[in-house]
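These notes are about the structure you will find just below.
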Amino acid sequence: MIVALLAAATPPYPPTPIGRGPEFLPPAAPAAVRRGLPVADLHCTTGGRRFGIHLEVFARGRVVVVPSGIGVAVPFGRKGAYIVPRGCTYPLRTLAPTGVVEVARDKKLTLGDLFAVWGQPLGPTRLASFTTSARRPVRAYVGGRRWRGTPTGIPLRRHAQIVLQVGMYIRPHPRFLFPPGL
């Protein structure tokens, strides 16, 4: 009986610690995004309805933080770790350091677009500050299933759960419980 209770209490996905060092805490946006300048064909605007996707990033067996403020131009306010836009935002934005990305409903966007607005590299052998080889490429999962194409091509669809990894394998979460309204 006690063994069954302990087995039931063990989470199927053990917690993963956040990595130490600046490469595990990338900045939210490059200077051009902070100023509201175009990024490729993405523009900083106000308003519009959005849906949520969830992004988890792992490197060397540790969490890479997806920061609040991706896709948010100045001016903006802060409430602790949360960002409150007071100007324009891009069709992809993060307001909290939770991995939840708000995506404009009227756009067909990809993970490559998100990383462009974030100002971080993404490709078969690059994941933000981390580099790997073609023999051990960046691994991507959507809904818990391995994505076989380039990670930049992953479409951002409502409530997608996307996991990116380089280095040690971490079992990808297949879903995420989104807050109401996303």
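These numbers come from the heavy atoms of this one structure, side chains and all, not from hydrogens, waters or symmetry mates.
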Contact check, side chains of [X] and [Y], non-hydrogen atoms, under 4.5 Å:
| X | Y | result |
| --- | --- | --- |
| L164 | R139 | no |
| L127 | L122 | yes |
| L114 | V103 | no |
| L156 | D113 | no |
| W118 | V66 | yes |

V57-V142 co-clustered via ILVMFWY side chain contacts under 4.5 Å: yes
Are Y90 and L95 connected into the same hydrophobic cluster when the rule is that any two of I, L, V, M, F, W, Y join if their side-chain heavy atoms are below 4.5 Å apart? no
Which heavy atom of [X] sits nearest a heavy atom of [Y], and at what distance?
| X | Y | answer |
| --- | --- | --- |
| L42 | P91 | CD2-CG, 4.0 Å |
| P121 | R126 | CG-NH2, 3.1 Å |
| P67 | V65 | CD-O, 3.3 Å |
| P172 | G144 | CG-O, 4.1 Å |
| P26 | V64 | CD-CG1, 3.9 Å |
| F178 | A160 | CZ-O, 3.9 Å |

Under the criterion side chain to side chain contact (heavy atoms under 4.5 Å, CB included), which of I162, I70, V163, T98 is the partner of L55? I162
Could you go step by step and tell me if I53 and R158 meet the side-chain contact (heavy atoms from CB on, under 4.5 Å) rule? CA-CA 6 Å; I53 66 114; R158 184 175 185 267; over 6 Å; no
Whether T16 side chain and V63 backbone form a donor-acceptor pair below 3.5 Å: no
When you measure from the side chain of R157 to the backbone of H159, do you find a donor-acceptor pair of N or O atoms at a distance under 3.5 Å? no
Over 12 non-hydrogen atoms of neighbours within 6.0 angstrom of CZ in R145: no
Set of residues satisfying side-chain hydrogen bond (donor to acceptor under 3.5 Å, both in side chains) with respect to T132, sequence neighbours excluded: none
Please, which pairs that meet salt bridge (Lys or Arg N to Asp or Glu O under 4.0 Å) have at least one residue in residues 91-100, sequence neighbours excluded? R93-E102
Within residues 48-73 or reaching into it, pairs that qualify as salt bridge (Lys or Arg N to Asp or Glu O under 4.0 Å) - sequence neighbours excluded: E23-R60
Do any side-chain atoms of residues 31-39 form donor-acceptor pairs under 3.5 angstrom with protein atoms, and if so which ones, sequence neighbours left out?
{"residue": "R34", "atom": "NH1", "partner": "G69", "partner atom": "O", "Å": "3.3"}
{"residue": "R34", "atom": "NH1", "partner": "V72", "partner atom": "O", "Å": "2.8"}

May I have all residue pairs that pass ring-ring contact (aromatic ring centres under 6.0 Å, His included) and include part of residues 19-66, sequence neighbours excluded? F24-F130, H54-F176
Pairwise ring-ring contact (aromatic ring centres under 6.0 Å, His included) hits with a residue in residues 60-83, at least two apart: none
